[in-house]
Amino acid sequence: MNAPAPEKNMHFIREIIAEDNRTGKYGGQVVTRFPPEPNGYLHIGHAKAICLDFGMALENNGECHLRMDDTNPVKEDVEYTDSIQADVRWLGFDWGPHYYHASDYFEQMYELACGLIRDGKAYVCEVPGDEWKHYRGIPTEPGKASPFRNRSAAENLDLFQRMRAGEFPDGAKVLRAKIDMASPNLHMRDPVLYRILHTPHPHAGDKWCIYPMYDYAHPIEDALEKITHSMCTLEFEVHRPLYDWVIQNCRLFPSRQIEFARLELTYTVMSKRKLLELVQRKLVKGWDDPRLPTLGGLRRRGVPPAAIRQFCERVGITKYDSLTDVALLEHCIRDELNRTAPRAMAVLNPLRVVIENTDGLPAAVRGVNNPEDPAAGTREIPFGPELFIEREDFAETPPPKYFRLSPGKSVRLRNAGFLTCTGVDHDPAGNVVAVRGTFAPMDAPVKVKATIHWVPAHAAKPVEVRLYDRLFKVPEPDADKDVDFKSHLNPDSLHMATALAEPSLLDARPGDRFQFERIGYFAADPDSRPSAPVFNRTVTLKDSWKPA
RNA sequence: UGCCCGAUGGUGUAACGGUAGCACAGCAGACUCUGGAUCUGUUAGUCUAGGUUCAAAUCCUAGUCGGGCAACCA
């Protein structure tokens, strides 16, 4: 018996599992599975499911299987299986030896279907697809029986074998479960179990021309793997009676399907179709564009997997359709990065500073790598008589409560000392082109209310920075079906810029994460080259300064 | 419309018949070599109407609102 960690939220699925463990329903075993269809890239909505599936197994000393749910060869491709595995691993989960394909069970599914036929619980139906809706009926009225419903088991077996043998064209026949044409649940009105598809399978090759439907295949996949708790999203709730029917009538391991609400996030879209549309129309730069909620995009943006895991835990698990504020994700990202990201200085919008008292000026200073983590140590930062500071950190006529630099005032230069402004240089148009000032060491008796970051003019290096903002301007871009979600795209979601970086940043390798002090968290992009890093802004720092 | 599911501050959630709590966001303050972090305080909530009960967010009934289902998709 293992008590859940105290900070974990006791959601209803944890309670179901705890209860099953208490009663010994599955002998204390917890076996789960994450079953993506390999027809697209994973996004943060999948991360919620992954964290749940793997998390419940981990917490209960169980196992979680990674299973490609590849029952429809016309939509799926091996292209996706690699990225799915990479994404799950990146998120921090390990399926051990339990990597499976639904298509590996095709033979058993076929045998089980023959069993259903022999039991008089399935039949080959020749009603054309577009005509079936007349038989199925509408919710308020019962359907009517297929004219093929009462074929003999022998005839059904023969026909089903010939379907497999390829004797019939696509759509000519299907195998149906014989359940209840009057059921108020449409899924129970003799659902299709198998359809004919003369399409080679990306994993199974050309062995098959009949393929099982999800509703038939999924419970079998789960049962064969002895999955105890089969978590899926809410829209499968009405499928559960059919899930149970298959397990019961095939006499299989009693896997249990449990549904929970999918994750929705503000200022983005989560549907595969819409994400694909953004990629195909080149409104973003690909599946791993850092503005996308795909795991590839989040990774490239610099989001640590631990932040995503923490976020998924804090969002919780319920059966209520919710819309989570991205601010919660951003909080989890900052929280993780604050503890782990080394600090560095870079100036986005430079203003030259000329130090006038150059005698005894240090050639370098030591910077603290991470005030939250003493073990991160220090580094050397070159110093000199000319610096660049952020243009916003100087105001010739400061607004009220402005703590930074202005004529006659002083600020602390991060890691270095104090700067007192003694003069301002203008160009003929009256713009500020440089600030002049005097430097004092850190132990000087100067009182200031602000510390600003800087880079040394002689040693700072220009680096490319990509400043990302929300992809959409509105919290629910796809809320209104009558308005194209693309019309809500934020035109300023990407701003390319050049920053002046302290020299240590030139060593950054793709994936390295930093806090650029007082600006935000940045991660080196795969586009980086040796000595020419490219930085993606993961998220800004919170900024509580607001002009009065 | 028939069936299924759901409803707690702005948002995400907890409370399992007994003081409606936590987090995010917001606001205010303290502290600070990041106007970051940290700390403190604070605004704000049980969909409606009946019923059961000493006591209801919780149980029952009806309604309202939201979501799902009517592919040979998953």
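Chain identifiers are assigned alphabetically (A, B, ...) following the order of the sequence lines, protein sequences preceding nucleic acid strands; residue numbering begins at 1 within each chain. This one's a predicted model, so the numbers in the text were calculated from it and none came from an experiment.
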Under 3.5 Å, which N/O atoms of the protein pair with N/O atoms of nucleotides 64-67 of chain B?
| residue | atom | partner | partner atom | Å |
| --- | --- | --- | --- | --- |
| B/rG67 | O2' | A/Asp321 | OD2 | 3.3 |

Any donor-acceptor pair, under 3.5 Å, between the side chain of A/His239 and the base of B/rA74, if you only look at N and O atoms?
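Yes, a donor-acceptor pair under 3.5 Å.
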
Spatial distance of atom [atom1] ([X]) from atom [atom2] ([Y]) [nearest 0.5 Å]:
{"X": "A/His488", "Y": "A/Arg470", "atom1": "NE2", "atom2": "CZ", "value": "15.5 Å"}
{"X": "A/Met56", "Y": "A/His11", "atom1": "CE", "atom2": "NE2", "value": "4.0 Å"}
{"X": "A/Arg195", "Y": "A/Cys209", "atom1": "CZ", "atom2": "SG", "value": "12.5 Å"}

Is NZ or CZ of A/Arg240 both nearer than 6.0 Å to the six-membered ring centre of A/Trp245 and within 45° of the ring axis?
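Because its charged atom misses either the 6.0 Å distance or the 45° angle limit, A/Arg240 does not stack over A/Trp245.
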
Is there aromatic stacking of A/Tyr320 against B/rA7, centre distance under 5.5 Å, plane angle under 30°?
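Stacking between A/Tyr320 and B/rA7: absent.
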
When you compare the side chains of A/Gln257 and A/Glu259, does any donor N or O come within less than 3.5 Å of an acceptor on the partner?
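Side chains of A/Gln257 and A/Glu259: pair found under 3.5 Å.
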
For RNA chain B, determine which residues of residues 137-144 of chain A have any heavy atom closer than 4.0 angstrom to one of its atoms, and list them numerically.
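Contacting residues: A/Pro139, A/Thr140.
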
If you measure from the [atom1] atom in [N] to the same atom in [M], how many Å do you get, rounded?
{"N": "B/rG36", "M": "B/rC65", "atom1": "C1'", "answer": "43 Å"}
{"N": "B/rG29", "M": "B/rU43", "atom1": "C1'", "answer": "15 Å"}
{"N": "B/rC4", "M": "B/rA62", "atom1": "P", "answer": "12 Å"}
{"N": "B/rC3", "M": "B/rC16", "atom1": "C1'", "answer": "28 Å"}
{"N": "B/rA57", "M": "B/rG17", "atom1": "P", "answer": "13 Å"}
{"N": "B/rU48", "M": "B/rU58", "atom1": "P", "answer": "10 Å"}
{"N": "B/rU11", "M": "B/rA44", "atom1": "P", "answer": "16 Å"}

Decide, for B/rA14, between syn and anti: a glycosidic angle within 90° of 0 counts as syn, anything else as anti.
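Anti, since the glycosidic angle lies more than 90° from 0.
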
Protein N or O to nucleotides 43-45 of chain B N or O, pairs below 3.5 Å:
none

Any side-chain heavy atom of [X] sitting closer than 4.5 Å to one from [Y]?
{"X": "A/Glu225", "Y": "A/Tyr105", "answer": "yes"}
{"X": "A/Thr324", "Y": "A/Glu264", "answer": "no"}
{"X": "A/Asp393", "Y": "A/Arg518", "answer": "yes"}
{"X": "A/Lys319", "Y": "A/Phe260", "answer": "no"}
{"X": "A/Leu265", "Y": "A/Leu323", "answer": "no"}
{"X": "A/Phe439", "Y": "A/Leu413", "answer": "yes"}
{"X": "A/Arg309", "Y": "A/Phe311", "answer": "no"}
{"X": "A/Leu387", "Y": "A/Ile355", "answer": "yes"}

Phosphate-side-chain proximity, [X] and [N], N/O vs OP1/OP2 below 4.0 Å:
{"X": "A/Ser183", "N": "B/rC3", "answer": "no"}
{"X": "A/Arg262", "N": "B/rA74", "answer": "no"}
{"X": "A/Thr318", "N": "B/rU13", "answer": "yes"}
{"X": "A/Arg136", "N": "B/rA71", "answer": "yes"}
{"X": "A/Arg195", "N": "B/rC73", "answer": "yes"}
{"X": "A/Ser322", "N": "B/rU13", "answer": "yes"}

If you find the nucleotide of RNA chain B closest to A/Ala450 and the one closest to A/Val315, which residue's nucleotide is nearer the 5' end?
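So the residue in question is A/Val315.
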
Taking for each residue the nucleotide of RNA chain B bearing the nearest heavy atom, is the 5' side occupied by A/Tyr402 or by A/Ala327?
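Its nearest nucleotide being more 5', the pick is A/Ala327.
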
Which is it for A/Met213 and A/Leu193 under the side-chain contact (heavy atoms from CB on, under 4.5 Å) test, yes or no, and what are the steps along the way?
CA-CA 5 Å; A/Met213 301 289 291; A/Leu193 266 25; 5.8 Å; no

All N/O pairs under 3.5 Å across the protein-nucleotides 15-18 of chain B interface:
| residue | atom | partner | partner atom | Å |
| --- | --- | --- | --- | --- |
| B/rC16 | N3 | A/Glu15 | OE1 | 3.4 |
| B/rC16 | N3 | A/Glu15 | OE2 | 3.4 |
| B/rC16 | N4 | A/Glu15 | OE1 | 3.0 |
| B/rC16 | N4 | A/Glu15 | OE2 | 2.2 |

Round to a whole Å and report the spacing from [atom1] of [X] to [atom2] of [N].
{"X": "A/Asp543", "N": "B/rA25", "atom1": "CG", "atom2": "P", "result": "14 Å"}
{"X": "A/Phe260", "N": "B/rG12", "atom1": "CZ", "atom2": "C1'", "result": "16 Å"}
{"X": "A/Met213", "N": "B/rA74", "atom1": "CE", "atom2": "P", "result": "5 Å"}
{"X": "A/Gln310", "N": "B/rC24", "atom1": "CD", "atom2": "P", "result": "11 Å"}
{"X": "A/Lys542", "N": "B/rC27", "atom1": "NZ", "atom2": "C1'", "result": "12 Å"}
{"X": "A/Ile179", "N": "B/rC69", "atom1": "CD1", "atom2": "P", "result": "19 Å"}
{"X": "A/Tyr267", "N": "B/rU11", "atom1": "OH", "atom2": "P", "result": "13 Å"}

Given the rule that a pair is Watson-Crick or G-U wobble with both distances under 3.5 Å, how would you write RNA chain B in dot-bracket, using | for pairs to a different strand?
.((((((..((((....[..)))).(((((.......)))))....(((((..]....))))))))))).....

Please lay out, stage by stage, how A/Ser230 and A/Tyr243 fare under the test side-chain contact (heavy atoms from CB on, under 4.5 Å).
CA-CA 11 Å; A/Ser230 177; A/Tyr243 182 97; 3.5 Å; yes

Worked verdict on A/Tyr194 versus A/Phe160 for ring pair (Phe, Tyr, Trp, His ring centres under 6.0 Å)
CA-CA 9 Å; A/Tyr194 271 91; A/Phe160 188 46; 5.2 Å; yes

Between the protein and nucleotides 29-34 of chain B, list the N/O to N/O atom pairs that are separated by less than 3.5 angstrom.
| residue | atom | partner | partner atom | Å |
| --- | --- | --- | --- | --- |
| B/rC33 | O4' | A/Arg412 | NE | 3.0 |
| B/rC33 | O4' | A/Arg412 | NH1 | 2.8 |
| B/rC33 | O2' | A/Arg414 | NH1 | 2.7 |
| B/rC33 | O2 | A/Arg414 | NH1 | 3.2 |
| B/rC33 | O2 | A/Asn415 | N | 3.1 |
| B/rC33 | N3 | A/Asn415 | N | 3.3 |
| B/rU34 | O2 | A/Gln515 | OE1 | 3.0 |
| B/rU34 | O2 | A/Arg518 | N | 2.8 |
| B/rU34 | N3 | A/Gln515 | OE1 | 2.5 |
| B/rU34 | O4 | A/Arg343 | NH1 | 2.0 |

Looking at A/Tyr41 versus A/Tyr80, is the centre-to-centre ring distance below 6.0 Å?
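Yes; A/Tyr80 has its ring centre under 6.0 Å from that of A/Tyr41.
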
Candidate list A/Val539, A/Thr538, A/Leu467, A/Asn536, test side chain to side chain contact (heavy atoms under 4.5 Å, CB included), partner A/Phe522, passing option:
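One option only clears the test, and that one is A/Leu467.
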
Ion pair present between A/Arg537 and A/Asp469, side-chain N to carboxylate O less than 4.0 angstrom?
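Between A/Asp469 and A/Arg537 there is no salt bridge, as every charged N stays at least 4.0 Å from the carboxylate O atoms.
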
